[in-house]
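All remarks here apply to the structure that follows.
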Amino acid sequence: MELIDKGIFKTFSKQIAIRYYNSSLTISEINYEQLWSDMKKVARVLKEQNIAGKIVGVQLHHCPALIAVIGGIIISGNCFYCIDSQAVDRILPEYGLCAAFFLENLGPNRMYDGLQMLLGLRILTLPLMLLLDLSRVESYPDFAFCVTTSGSTGRPKTVLVPKACIMPNVLSLSDRFELCERDVIFVCSPPTFDPFVVDILMGLHAGATLLLVDNSIRLSATRLLSLLFPGVTVMQMTPSIFTRWKADEMEHIIFGSQTTLRILVLGGEQFPMLKKPAECLVTVYNIYGITEVSCWSMIQKVSPENGALVALGEPLDRSIMLQLRSLEDESLKAETNMNGSTIGHLYIGSCSRKCFILGKNNENDDTLGDERPIYRPTGDVVELTKEGNYYYRDRCKRTIKRFGCRVSLSELEAVVHRHSAVQQCAACFISEHHRLLLFYTTDNDDRSIQDTIWNELRAKLRPEKLPDELHRIEQIPLSSHGKVCAKGLERIYENLKLTLADDRTSAVDYFRAELSSMGIAHEHACERHNVKDNGIKKLKPNSSFIDRGGTSFAALRLHNTLEEKFKVQLPQLITLLIDPSIPLEMALKYVESKVSGANTDLMGAHEKSNIPNDHKLTIVKQYNLEKCVDSRPSITFCPNVGYILTIGSHSGMLLTINTDTDAVLSCIVLPDRVECGVSFFTTEENVVYGTVGCYDGFLYCFNPLDGSIAWKYDAGAMIKCTPLVLPRTNLIIFGSYSNNYNLHCIVGGQSSPILRWKVQVGNKPIFSQPLSLGDNVDAGLILAATLDGTMAALSVATGHLAWKQISPGNIPIFSTPAFLPAYKRIACCTVDGSFGIYDAIEGIQIAKHKFPGNIFSSFEILQQSHDHIHFIVGCYDRKVHCIEYVPLNGETLLPKWNIEIQSQIYATPCLVGQYLVVCSTSGWINLIDLNEVCDANLERNITAAMKMKGELFSTPLSCGTVVFVGCRDNFLYKICVNV
């Protein structure tokens, strides 16, 4: 069947085909006879230019001429392609498959390279110009239109849609909706969105009236409503466009007793929570599909019994086939739940509805002409119940891994949507800052609404799933297709932060603003908003950051944000925040006192940035790992190869190089980011394997020489802990962020791992590398330290607990402990700088020392003599500290020296001969001569310094006189120390 039926235009020649409101609200009406006449005019122009079976671009906004031009292209035997508004000189490079372009004529003084311009064409009173591509253009005779996807299932694709693909939509929906010449269809979608094509073809097929409005009105919910009702009978739009209207507008106008609306169709996004009066006669549909099987594929009539849970419905026609595939590997083995339902990635297939995706390597005329079905991925996680109903659960890419936990952005939004005052909400994850944000809209800026939303979120979600910040905004930004725009949300967030970036904002006000966005109550906010008996739990006097809903992760983020904003050291802030016995007001007063005296610290930091390098540090090689490199390089010896080095990055890339030749030996890309170091083991066959943890929750075993993955082990949550390998037995012990078992012991091999035991140590994840307490493997102990301050010794053989120590206040341990086998002592430091020496047999603390700032760095240990051991550690007070331990003379800990550098230190210092390499978070690599550290003039202790292009969180690794270090500019650097 043809897309446009000439008989309809004859039958309804005097019927209004198009009703249009311009920006001044002036109405114009075009009947079917007039429309047909101007469609023929467009077709005649194309025929005169010998354009047939080609793609013709159209760059027009909603107006009557748009419909006439599209209709003319169709009846001329061509394929139309509605393109975005942009500078015309960019049209040809981006839309080179078009033989011609229809544009509004904006004046004669324009030249277009490579295009011939025809003027003087006027369609339904609008002056147009036709641009012709003078180069050879391919023919596409069997296609109806061309469309570019929004990119929601990956990168945007250019899709050619055959007539046989779009007409089932038009015919099926026309019959289902019982469309006739009395209907008025509001054309809401932009021309670049394929539901627009369905709307106009349905209307023209039924002899109905198409209602179009100027873009300025279409995008304004307030101005639009009065033009739609009374009048409109059929309306198709995205949920985000529909929910811009207020609840009372929906109830009294759209669903009111006097409404003219018969059919409301919502699609393109998850179906919203809809409150339709019981007596309302409007029929509502949830419609679902993807552009690659254009346009709609499933439909569900919404009934009061559906409540908030509306199925995707039944296939729209018999040609549609559905498959649920695995979320992991796209196989047909989707996951089965305890309740018997199946969850997987939904694929839509058809034998007849086959669109052609330009640039797809494995597609050609033969594959599209094949009788076998072609299945397209939807990008959606869908659940198929035992009853045979399909339910949308989430976007595949809207489920993120965070703190070792899968977080569904849709689940977050669903909790907020349940609040009666919330009109719209949207979540987004900014990977660059690792920040989870939640935005919502309400009628008024009542602070108590945000407080109750936070209470609901904390009551219904685990701490790992909570957003970092919650913000009320005036309007949720939408894309040109009417869907929530993630980039728009990011821009709003950047603007919110810019308002706080004003130099006139005090440190305490900035601190309070950050607390408010995180839902952490504070006295100033309660006074300002006059919070009383509104369901909000009243604050206890002198309550702590933790009491008010804070977490250790939130404390770390606050600490980093404040130090970065005010360029000042706040070494005690984390301790003040995460200690439940310390009132939050103490942290506020501390920040106020430290920031007020920050100028002298800034001057000192500036001086440290002027130390000459004198070619003592030179970059000899660099490797691009595509995203930030925070993990420590790892090195091992391979027979017949020599020394190799492996490192991972946030991109998931695992790169292995030969340290002598600089050659790349292998490159593996894992599914998620890698932040921990690699550990190696050698099999009985003398084959070297590497093991590394990944954010996707798996420990991977791989061959570093050929890049093959031997096996993977599911730890249940994110892994940021470098595995410990016990060489003689190839036991692999590592920590994870799992809430069930955070410490695992497996036997490594080249084919598959064997679980020996898994246990839960403390109540929080394990970040630091486990530590072997001796060489007696089966009878020995290992030590694990957690982020709730638990330090535990466990049996290697069984995982049974031998002893444990818990830090006062449950202060986290990020630093990897050290073992001194000659004295059977353990050195361990919590993040607040509390450093202790412990007996390895019973766990009793022997000696202690307090650093003046937070400690994330591990230790570099120097054995000065049998009874003098130096622990060197980087601190967040911008200094590298040396503490001397005297084990045989009272077991004392004495500060020996400290050297200030440019900024905080996260990475562990590294020895290169008599020199110490110290990296600062601001990107400086410092070389310190340890033979001079006793000199009274401490400024001379930094021998050389070199500024990198990104921040440095990766611990450097020395190999002879060469240092390897990862940088947040995405590169691994090989640096020669020339001293």
Side-chain angles (χ1 to χ4, degrees), residues 679 721-726 731 733-735 742-743 745 759 761-762 764 766-777 779-797 799-851 855-864 866-875 881-895 908-909 955:
S679 295
C721 162
T722 300
L724 166 69
V725 173
L726 301 178
L731 283 177
I733 301 169
F734 66 97
N742 62 2
L743 188 66
C745 177
V759 296
V761 179
K764 291 289 179 73
I766 294 176
F767 178 89
S768 64
Q769 184 179 20
L771 183 67
S772 173
L773 301 180
D775 295 330
N776 190 349
V777 175
L781 301 175
I782 58 101
L783 185 80
T786 73
L787 294 185
D788 68 352
T790 300
M791 183 173 64
L794 301 99
S795 165
V796 172
H800 291 162
L801 181 69
W803 57 261
K804 72 175 179 179
Q805 278 274 4
I806 302 176
S807 66
N810 294 105
I811 306 299
I813 300 169
F814 285 88
S815 171
T816 294
F819 179 52
L820 306 175
Y823 312 100
K824 299 203 180 300
R825 294 291 184 260
I826 297 166
C828 186
C829 192
T830 53
V831 76
D832 67 345
S834 297
F835 176 55
I837 300 293
Y838 299 85
D839 172 44
I841 306 301
E842 298 179 353
I844 300 169
Q845 189 176 72
I846 306 297
K848 62 181 180 179
H849 172 79
K850 189 71 163 63
F851 289 106
I855 300 292
F856 294 91
S857 159
S858 298
F859 304 101
E860 183 69 90
I861 301 174
L862 282 175
Q863 181 94 34
Q864 297 295 102
H866 183 62
D867 60 346
H868 288 81
I869 297 166
H870 286 183
F871 291 97
I872 301 173
V873 67
C875 183
H881 292 263
C882 177
I883 301 296
E884 185 174 74
Y885 172 49
V886 184
L888 303 180
N889 188 15
E891 302 219 48
T892 56
L893 289 171
L894 301 171
T908 303
T955 291

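- The shortest heavy-atom contact between Ile869 and Gln863 is CG1-NE2, 3.6 Å.
- Between atom CG of residue Leu773 and atom CD1 of residue Ile841 there is a gap of 8.0 Å, rounded to the nearest 0.5 Å.
- A distance of 9.0 Å separates NZ of Lys804 from OG1 of Thr786, quoted to the nearest 0.5 Å.
- If you take CG on Leu726 and SG on Cys745, they are separated by 7.5 Å, rounding to the nearest 0.5 Å.
- Evaluation of the side-chain contact (heavy atoms from CB on, under 4.5 Å) rule for Thr955 yields Arg632, Ala907, Thr908 as partners, not counting sequence neighbours.
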Check your understanding: Is there a ring-ring contact (aromatic ring centres under 6.0 Å, His included) between Phe835 and Phe859 once you walk through the steps?
Key -> CA-CA 11 Å; Phe835 176 55; Phe859 304 101; 5.1 Å; yes
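- The side chain to side chain donor-acceptor pair (under 3.5 Å) test applied to Ser834 returns Asp832, not counting sequence neighbours.
- In this structure, Gln805 contributes its side chain and Gly843 its backbone to a donor-acceptor pair below 3.5 Å.
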Point to revise | Test side-chain contact (heavy atoms from CB on, under 4.5 Å) applied to Ile861 and Phe871, step by step | key: CA-CA 5 Å; Ile861 301 174; Phe871 291 97; 3.7 Å; yes
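- Checked against Ile733 for a side-chain contact (heavy atoms from CB on, under 4.5 Å), the options Leu771, Ile782, Leu794 give a single hit: Ile782.
- Taking the side chain as every heavy atom from C-beta outward, Leu743 and Pro770 approach each other to under 4.5 Å.
- Sequence neighbours left out, the pairs with a member in residues 805-827 that pass salt bridge (Lys or Arg N to Asp or Glu O under 4.0 Å) are Arg825-Asp839, Arg825-Glu891.
- Looking at residues two or more places apart in sequence or on another chain, you find no ring-ring contact (aromatic ring centres under 6.0 Å, His included) involving Phe819.
- Among residues at least two apart or in separate chains, side chain to side chain donor-acceptor pair (under 3.5 Å) pairs with a member in residues 840-851 are Tyr838-Gln845.
- Between Cys829 and Ile813 the shortest heavy-atom distance is O-CG2, 3.7 Å.
- Residues passing the side-chain contact (heavy atoms from CB on, under 4.5 Å) test with Asn810 are Asp788, Ile806, sequence neighbours excluded.
- Side-chain atoms of Thr816 never come within 3.5 Å of backbone atoms of Ser858 as a donor-acceptor pair (strictly under, hydrogens ignored).
- Residues that satisfy the side-chain contact (heavy atoms from CB on, under 4.5 Å) test with Glu884, not counting sequence neighbours, are His868, His870, Val886, Lys896.
- Phe856 is linked by a ring-ring contact (aromatic ring centres under 6.0 Å, His included) to Phe814, Tyr876, Tyr906, counting only residues two or more places apart in sequence or in another chain.
- In terms of the side-chain contact (heavy atoms from CB on, under 4.5 Å) criterion, residue partners of Ala847 (sequence neighbours excluded) are, by chain and number, Ile837, Leu893.
- The closest side-chain heavy-atom distance from Trp803 to Ile844 is not below 4.5 Å.
- In terms of heavy-atom proximity, Pro909 sits nearest to Ser857 at CD-OG, 3.5 Å.
- The nearest pair of heavy atoms linking Ile883 to Pro895 is CD1-CA, 3.7 Å.
- For Ala792 against Leu801, the heavy-atom pair with the smallest separation is CB-CD1, 3.7 Å.
- Considering every non-hydrogen atom in both Ala785 and Ile766, the closest pair reads O-CG2, 3.6 Å.
- Residues Ser679 and Leu724 are not in side-chain contact: their nearest non-hydrogen atoms beyond the backbone lie 4.5 Å or more apart.
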